[in-house]
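Some notes on the structure that comes next.
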Amino acid sequence: MDSEAGAAAPAASSDFIREMVAEDLRAGKHGGRVHTRFPPEPNGYLHIGHAKAICLNFGVAADFSGLCNLRFDDTNPAREDIEYVESIEADVRWLGFDWERRMFYASDYFELIYGYAEQLIRDGKAYVDSLTADEIREYRGTLTEPGRNSPYRERAVEESLDLLRRMRNGEFPDGAHVLRAKIDMASPNMNMRDPTLYRIRHAAHHRTGDAWRIYPTYDYAHPISDALEGITHSICTLEFEDHRPLYDWCVDNLRVAASEFKSKPQQIEFARLNLSFTIMSKRKLLALVEQKLVTGWDDPRMPTIAGLRRRGYTPEAIRDFCARIGVAKKENVIDMALLEHTVREDLNKRAPRAMAVLRPVTVVIENYPEDRVEEVEAVNNPEDASAGTRKLPFSRTLFIEREDFMETPPKKFFRLAPGTEVRLRYAYILKCERVIKDASGTITELRCTYDPDSLNGPTATRRVKGTIHWVSAAHAADAELRLYDRLFQSADPGEGGQDPLTDLNPDSLDRVTGAKLELALAAAAPGSRFQFERQGYFCVDPDSRQGKPVFNRTVTLKDSWAKITARGAQTTP
RNA sequence: UGGGAGGUCGUUCAACGGUAGGACACCACGCUCUGGACGUGGUUAUCGGGGUUCGAAUCCCUGCCUCCCAGCCA
């Protein structure tokens, strides 16, 4: 879709992780190698928060001439699906990253992971527990009280081994037994109180089918997967900080026996991305989709990569955003305005301009000949001379933006009003003579005159303050425009334990059906992006049909007039 | 009140014992046939209290606040 060739080299930004990696290299750690991985669970679509992790993992690898794997953390068959692995692949690729041939699944290692479990039992470092889930919880103690050993903790090695094999054979129902690491039930770190390594799940796995009845937990499978792939720096989010001792426990207790381990990976944690006015919880995003509160994972209002793509965001803008937000250990909430700024900046340079009238009102130019049509020349992109120019038909009957006319204009309203003049972009100066309304008082038509000597060009010496966009009525295409606003009403939708789904913005989608576009736009391919002058950036939606184009508004242009009027509304009682 | 991790402009990232800086946001002004873009200028910060030091955002002590952990989720 978007070529990566010539992508601007990111400003050599550094952060505490890159500093750690550089230090490791200096110290000769990991034999001078840098190898990271992006490890999503295929249980949902990727979102902008994942983009931060993707840019970090692939970026660190690239910065140090290392490699980054794509690995699916597919240890929980109940929630995972092939649809998600496919969408994840597509999204990472679209963002501009390449894992070459290194796409793996934790499930690739199930046999090895299982073997290590038997090894742990033989070493007296794991045991099969036959307590119920409730009992295990009771025995675990609380944050302030130590837990107690399970009565099965000292079970004979042979008995645990036999039980684990029979678990694997499917001889027991879900929940009957679990394999636990034998660490320390009195540890102040809850994760070290004999964590579960394997659980019974009679569920079909999207890759291994029904080959397995037991599945390893994340805490157990993840460090092993990292070590097997030769990962040197295992970057994850803050909530796993407490898991690091367990991560190290798994690696350290298996290293000697596991000849397949290619590295002693180290886990490094950073703060996940939070964005104002949206949510990053995959569970909640799934709920939005399942409850049909949005049209799907790629609804342009969603913070998913698929949603942003459909909305019109570019991979370059998202990567730039990720570079600008930085990487640290402090919890953060990034202002949505920054994301919007990065698309505007990117699209301003690249998007061809076009004339589109969102909510048209008819203008009849009384002193312009009935059947005359002339062509005026318009610049395709003032930021890019190589984009050239195009011809626009001009005639007696036009559409202009209803918003660009006011019967009783306030101060500093530089647009059209009775008796005032405005420039029609790339064409003539227009003067409003009369307003025509229907019985209900709605304006149906503006009767105007134009100044024949004011055509855009070297001969045009007169200047007026305002310039508005327009489209010739006889040469316009109809279109549906989808104008999006934030999906949630509050800056922090989950705040105070509230369900974010009760905080949806009822006006997050405004479908405008009678928009009038310059003709060429009707034929634009889905995914094409334009700047509709004075309105914003728009992108052709895949819902477009022959003769029925649909555009998504990616983001509005910055609008200082709107700012002035909003301010006025606030200060006027 | 167990353990772990954090507190620097409104937001975010930086400053690694030596002038607290950038970006976004905001405010002014300029420029403009997009009230866009662009240009110029500006407001605003080291959680509190002690200490060490010629010098502390940075080191030490102490207090306060926030986040994470009691899944057979990741």
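Below, all heavy atoms of this structure are taken into account, side chains as well, without hydrogens, waters or symmetry copies. Reminder, nothing fancy here: chain letters follow the sequence lines and each chain counts from 1.
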Would you classify Tyr215(A) as touching base, sugar-phosphate or nothing, given that sugar-phosphate means primed atoms plus P, OP1 and OP2, and contacts are heavy atoms under 4.0 Å?
nothing
If we call it a pair only when both distances are under 3.5 Å in a Watson-Crick or G-U wobble match, what pairs with A74(B)?
none
Remember a base hit wins even if backbone is also touched, and classify Glu533(A) as base, sugar-phosphate or nothing at under 4.0 Å, heavy atoms.
base
Among the nucleotides G35(B), C69(B), U1(B), whichever has the atom closest to the side chain of Thr467(A) is G35(B)
How would you label the contact of Thr142(A) with the nucleic acid (heavy atoms, under 4.0 Å): base, sugar-phosphate, or nothing?
base
Measure distances between side-chain N and O atoms of Arg324(A) and base N and O atoms of U12(B), and say whether any donor-acceptor pair falls under 3.5 Å.
no
Can you check the Met336(A) CE to U11(B) C1' distance for me, whole Å?
14 Å
When rounded to whole Å, the CD1 to P distance for the pair Ile235(A) and A74(B) reads 21 Å
Under 4.0 Å: is that the gap between some side-chain N or O of Arg140(A) and OP1 or OP2 of C72(B)?
yes
May I ask you to say what Lys412(A) touches in the nucleic acid, namely base, sugar-phosphate or nothing, with a heavy-atom cut-off under 4.0 Å?
base
CZ (Arg283(A)) with more than 12 external heavy atoms under 6.0 Å:
no
Is Ser281(A) touching bases, backbone alone, or none of the nucleic acid, heavy atoms closer than 4.0 Å?
nothing
Quick one: label Phe72(A) by what it contacts on the DNA or RNA (base, sugar-phosphate, nothing), any heavy atom closer than 4.0 Å.
nothing
C24(B) -> Watson-Crick or G-U wobble partner, both distances under 3.5 Å, gives G10(B)
Look up atom OG1 in Thr314(A) and atom CD in Glu345(A), then write down how far apart they are to the nearest 0.5 Å.
10.5 Å
Please indicate whether Lys329(A) has more than 12 foreign heavy atoms, meaning atoms of other residues, nucleotides or ligands, lying under 6.0 Å from its NZ.
yes
Once hydrogens and angles are ignored, does a donor-acceptor distance under 3.5 Å link the base of G71(B) to the side chain of Arg199(A)?
no
Give one of base, sugar-phosphate or nothing for Arg79(A), where a contact means two heavy atoms less than 4.0 Å apart.
base
CG on Leu246(A) to CE on Met190(A), rounded to 0.5 Å
13.5 Å
Over all strands shown, is Ile214(A) touching base, sugar-phosphate only, or nothing at heavy-atom distances under 4.0 angstrom?
nothing
Measure the shortest side-chain to side-chain distance between Gln498(A) and Glu495(A) over non-hydrogen atoms and say whether it is less than 4.5 angstrom.
no
Searching all strands shown, indicate the nucleotide that pairs with U34(B) (Watson-Crick or G-U wobble; both distances under 3.5 Å).
none
With the side chain defined as heavy atoms from C-beta on, Arg137(A) is closest, among G71(B), G2(B), A74(B), to G71(B)
In G6(B), glycosidic geometry as syn within 90° of 0 or anti otherwise
anti
Record whether the side chain of Gln531(A) comes under 3.5 Å of the base of U34(B) through a donor-acceptor pair of N or O atoms.
yes
When all nucleic acid strands are considered with a 4.0 Å heavy-atom cut-off, which category describes Val464(A): base, sugar-phosphate, or nothing?
nothing
May I have the distance from Phe240(A) (atom CZ) to G3(B) (atom P), rounded to whole angstrom?
23 Å
Could you give the CG-to-P distance, from Asn274(A) to U12(B), as a whole number of Å?
10 Å
Return the nucleotide paired to G2(B): Watson-Crick means purine N1 to pyrimidine N3 with N6-O4 or O6-N4, wobble means G-U with N1-O2 and O6-N3, both under 3.5 Å.
C69(B)
When you match Tyr218(A) and Leu338(A) each to their closest nucleotide on RNA chain B, which lands nearer the 5' end?
Leu338(A)
Between the side-chain atoms of Asp242(A) and the base atoms of G3(B), is any donor-acceptor pair under 3.5 Å?
yes
Heavy-atom nearest pair, Met355(A) first then Glu518(A), reads N-OE2, 2.7 Å
Glu19(A) side chain: which of A15(B), U34(B), C72(B) is closest?
A15(B)
With the side chain of His341(A) defined as its heavy atoms from C-beta on, choose the nearest nucleotide among G35(B), C69(B), A25(B).
A25(B)
With a 3.5 Å cut-off and heavy atoms only, can you find an N or O donor on one side and an acceptor on the other between the side chain of Glu241(A) and the base of G3(B)?
no
